[in-house]
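Notes follow once the structure below has been shown.
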Amino acid sequence: MQVIGVDIGFGFTKATDGKQFRVFKSIYGEAVDFQYQESLLDHDEQHEHLQIDIDGNAYFIGELAERQSTNRQFTLEQNQFVASASRVLALAALSCFARERQQTMHLVVGLPIGHYRQYKAELAGMLRDTHDMVVTNAAGERREVRIAVTDVRVIPQPIGSVMDRLLDAQGRPAERRFATEKIGIIDVGFKTTDYTISDKTRYSERGSMTTENGISKAFSAIASKLKENCGINVELYRLFEPVETGSIKIRGRGYDLKKITQHAFQQLAQNIAADANRIWADDWDIDMIMITGGGGAVLAAYLQPLLEGVIVPMEQDLDYRLHNVRGYYKYGCYVWPSARSLPAASVEE
Ligand SMILES: Nc1ncnc2c1ncn2[C@@H]1O[C@H](COP(=O)(O)OP(=O)(O)OP(=O)(O)O)[C@@H](O)[C@H]1O
Ligand SMILES: [Mg+2]
């Protein structure tokens, strides 16, 4: 039996078996036959080619869908999200860890705060099943796989980051203060920002909220400035790298993004901090605040001075996008201790 953590975000789907991480964009579309291999040079195709057939439908997932599918699903409306997208994305994630023809998995998945109560049972019920699929690799080789998901736990997404700090690699409580204290968590994602409170590991509904203040807000501001300057609509999901490096080349001409980025991030951080200070106004007994999520990495420096409270620095050993999912995996080892004696004992990260 394998424990797998899967975190399906609006921007990226993240998954781990405790040894390896897989991250792909939360986009899928219909699979198409290649006329010829698109890449002329060898590179690590295995990691980019994610293709599965489920229920007779063939899907490209992640970057492959972004490049090749004509009909792509990626603006995930929440009601459709649980019904269709989360199943395809979760099964695609599981397929990455399916080494045998048949295997049993226990699964920990997260739901955004705003949908936790409403969709928890539905999501668990949908995933707790035997899933038959065909996995196709970059060379076009097809492999039938049967994954029996025999147990599913659903937790509010940002709580993953608390579990990650509280539990060790085998899922045993290690840093106890994360179990005994009251922690506010701000999880900045691509589309949303989630706020929640873990009060002695109990999830508090009152201190929880989801807003649309994800990184894509800042990216929209940057994109509209670019549109003004050069007339091109740059898709938001193509901005990550230019924002990171501080410049973008459009039709051969370079544009400096540093100033506009700084301004957009400052503005977004102000809104996020104002929301936190407001919803936690009565929770003045919070011991510490954690900033997590991929957007948390980008905004931490802007957010810290604006928040009222003690900020716990995130561990720098891992991409911020992965803290939640590593916590899900550890939580799985905690609730299903029999998984601990398996290779989890030699977890490498
Ligand atoms: N190496 C990276 N590659 C891409 N994006 C990164 C990276 N590191 C940080 N980011 C930032 O992470 C953000 C996505 O974070 P994350 O994966 O936590 O979001 P999500 O969970 O998919 O979204 P949501 O919480 O809204 O559902 C991106 O918008 C980007 O700004
Ligand atoms: Mg997220």
Side-chain angles (χ1 to χ4, degrees), residues 5-16 21-28 47-48 61-63 66 74-78 80-82 85-86 89-90 92-93 108-116 119 123 154-164 185-196 208-223 234-246 257 261-262 264-265 268-269 272 275 290-303 314 316-328:
V6 181
D7 181 7
I8 309 163
F10 284 104
F12 298 88
T13 297
K14 286 83 59 176
T16 185
F21 291 95
R22 291 297 299 261
V23 183
F24 52 87
K25 285 190 179 158
S26 296
I27 305 174
Y28 66 96
H47 266 225
E48 295 191 332
I61 323 277
E63 288 75 1
E66 183 181 315
F74 100 106
T75 38
L76 307 169
E77 284 309 319
Q78 196 56 226
Q80 281 176 24
F81 181 69
V82 170
S86 56
L89 296 170
V108 182
V109 284
L111 266 179
I113 291 296
H115 304 93
Y116 180 66
Y119 293 109
L123 182 67
V154 182
I155 60 179
Q157 273 170 352
I159 297 291
S161 289
V162 177
M163 292 300 160
D164 186 38
I185 309 111
I186 304 178
D187 178 349
V188 186
F190 180 68
K191 182 170 176 229
T192 59
T193 288
D194 278 348
Y195 303 79
T196 197
S208 297
M209 169 170 90
T210 299
T211 70
E212 298 279 305
N213 282 328
I215 285 293
S216 59
K217 264 272 169 67
F219 282 12
S220 298
I222 297 167
V234 181
E235 294 95 331
L236 299 188
Y237 59 84
R238 290 168 77 172
L239 272 176
F240 179 71
E241 228 195 307
V243 164
E244 176 98 333
T245 58
L257 296 179
T261 299
Q262 217 178 13
F265 282 175
L268 181 62
I272 292 176
D275 283 339
M290 289 171 81
I291 300 170
T292 187
V298 177
L299 285 190
Y302 296 86
L303 276 173
M314 288 299 281
Q316 298 297 331
D317 62 333
L318 191 66
D319 182 331
Y320 265 45
R321 291 175 298 169
L322 301 175
H323 287 273
N324 281 338
V325 79
R326 184 167 67 180
Y328 300 170

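Indexing begins at 1, ligand by ligand and atom by atom, following the structure's order. Here, residue 1 is the first one in the sequence, and each next residue gets the next number.
Heavy-atom minimum distance, A269 versus L303: O-CD2, 3.5 Å. In plain terms, the two heavy atoms of Y320 and T292 that are nearest each other are O-OG1, 4.1 Å.
For E235, the CD atom counts as densely surrounded, since its 6.0 Å shell holds more than 12 non-hydrogen atoms of other residues, nucleotides or ligands.
For atom 1 (N) of ligand 1, the nearest protein heavy atom (residue, atom name, distance) is R321 NH2, 3.1 Å. Among all non-hydrogen protein atoms, the one lying nearest atom 19 (O) of ligand 1 is F190 N, 3.2 Å. The nearest heavy-atom contact from the protein to atom 9 (C) of ligand 1 is G294 O, 3.4 Å. The protein heavy atom nearest to atom 31 (O) of ligand 1 is I215 CG2, 3.4 Å.
Between K14 and ligand 1 there is a heavy-atom distance shorter than 4.0 Å. The closest approach between any non-hydrogen atom of G214 and ligand 1 is not below 4.0 Å.
Taken to the nearest 0.5 Å, the CD1 atom of I291 stands 11.5 Å off from the OG atom of S161. Atom CD1 of I185 and atom NE2 of H323 lie 13.5 Å apart (nearest 0.5 Å). Going from atom CZ of F24 over to atom CD1 of I61 covers 6.5 Å, rounded to the nearest 0.5 Å.
Considering backbone and side-chain atoms together, F10 places an N or O closer than 3.5 Å to an N or O of ligand 1. The shortest N/O to N/O separation between F12 and ligand 1 falls below 3.5 Å.
Atoms of ligand 1 lying under 4.0 Å from at least one heavy atom of G11, given by number and element, are 20 (P), 22 (O), 23 (O). The distance from ligand 1 to the heavy atoms of G295 drops below 4.0 Å at these ligand atoms: 12 (O), 13 (C), 15 (O). Within ligand 1, counting atoms from 1 as listed, the ones closer than 4.0 Å to a heavy atom of K191 are 26 (O). Contact atoms of ligand 1 toward G293: 18 (O) (distance under 4.0 Å to a heavy atom of the residue).
The only member of T196, N324, D187, D7 that meets side-chain hydrogen bond (donor to acceptor under 3.5 Å, both in side chains) when paired with Q157 is D7.
For the pair L322/T16, no side-chain contact is recorded, criterion being any heavy-atom separation below 4.5 Å from C-beta on. No side-chain heavy atom of Y328 sits under 4.5 Å from any side-chain heavy atom of V6.
For the residues G9, G189, G296, A218, the heavy atom positioned nearest atom 25 (O) of ligand 1 is part of G189. When F240, Y320, F265 are checked for heavy-atom proximity to atom 8 (N) of ligand 1, F240 turns out nearest.
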